[in-house]
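Following: one structure in structure tokens, then a few remarks.
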Amino acid sequence: QVQLMESGGGLVQPGGSLRLSCAASGSIFSLNTMGWYRQAPGKQRELVAAITRGGSTNYADSVKGRFTISRDNAKNTVYLQMISLKPEDTAVYYCNAEQTDLFLSVRNYWGQGTQVTVSS
């Protein structure tokens, strides 16, 4: 089992910055891609950013140039640095981790989410 714990959410003004953290614990062997998703009221959950074990990244078009995902494999932690925040970034942000076993079976784990609110 893998447990994910998000932190760093809160209320911020438009144009402000926040850094989200997600720490993985438990059976953390073979954690592969980790990422951040978000879900706004009335909308489906969407991928925000993802990062592989080797550091390759992928971002949603809406956040390119503003958000940066990174990870510290030694600490089993993934981060999301968010700058130039907009009201439309308001959502619950969820951490996701992918684990592949010896038989190439893939499991996904989710955190409980952290609220990000961008408002004056």
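Two residues are said to be in side-chain contact when any heavy atoms from C-beta on lie closer than 4.5 Å; Thr77 and Cys22 fail this criterion. Residues Lys86 and Pro14 form no side-chain contact, since every pair of their non-hydrogen atoms from C-beta on lies 4.5 Å or further apart. In this structure, Asn32 and Thr52 have side chains that are not in contact, with every pair of non-hydrogen atoms separated by 4.5 Å or more. With a 4.5 Å cut-off on side-chain heavy atoms, Thr68 and Leu80 do not count as touching. For the pair Leu11 and Ser119, the minimum side-chain heavy-atom distance is below 4.5 Å.
Although no hydrogens or angles enter the test, the distance criterion places a donor-acceptor pair under 3.5 Å between the side chain of Glu6 and the main chain of Cys95. Panel note: side chain Asn96, backbone Tyr109; a donor-acceptor pair is recorded below 3.5 Å.
For the pair Arg45 and Tyr94, the cation-pi test (distance below 6.0 Å, angle within 45°) is passed.
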Please lay out, stage by stage, how Ile83 and Leu85 fare under the test side-chain contact (heavy atoms from CB on, under 4.5 Å). CA-CA 5 Å; Ile83 65 171; Leu85 283 162; over 6 Å; no

Please determine whether side-chain contact (heavy atoms from CB on, under 4.5 Å) holds for the pair Lys64 and Arg66, giving the CA-CA distance in whole Å, both sets of side-chain angles, and the decisive distance to 0.1 Å. CA-CA 5 Å; Lys64 286 181 179 178; Arg66 300 188 298 118; over 6 Å; no

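Identified under the ring-ring contact (aromatic ring centres under 6.0 Å, His included) test for residues 36-77, with sequence neighbours left out: Tyr37-Trp110.
Under the 4.5 Å side-chain heavy-atom criterion for grouping Ile, Leu, Val, Met, Phe, Trp and Tyr, Val12 is connected to Met82 within one hydrophobic cluster. Hydrophobic clustering of Ile, Leu, Val, Met, Phe, Trp and Tyr side chains at less than 4.5 Å, counting indirect connections, unites Ile51 with Leu20.
Between Arg38 and Asp89 there is a salt bridge, with a side-chain nitrogen of the basic residue lying less than 4.0 Å from a carboxylate oxygen of the acidic one.
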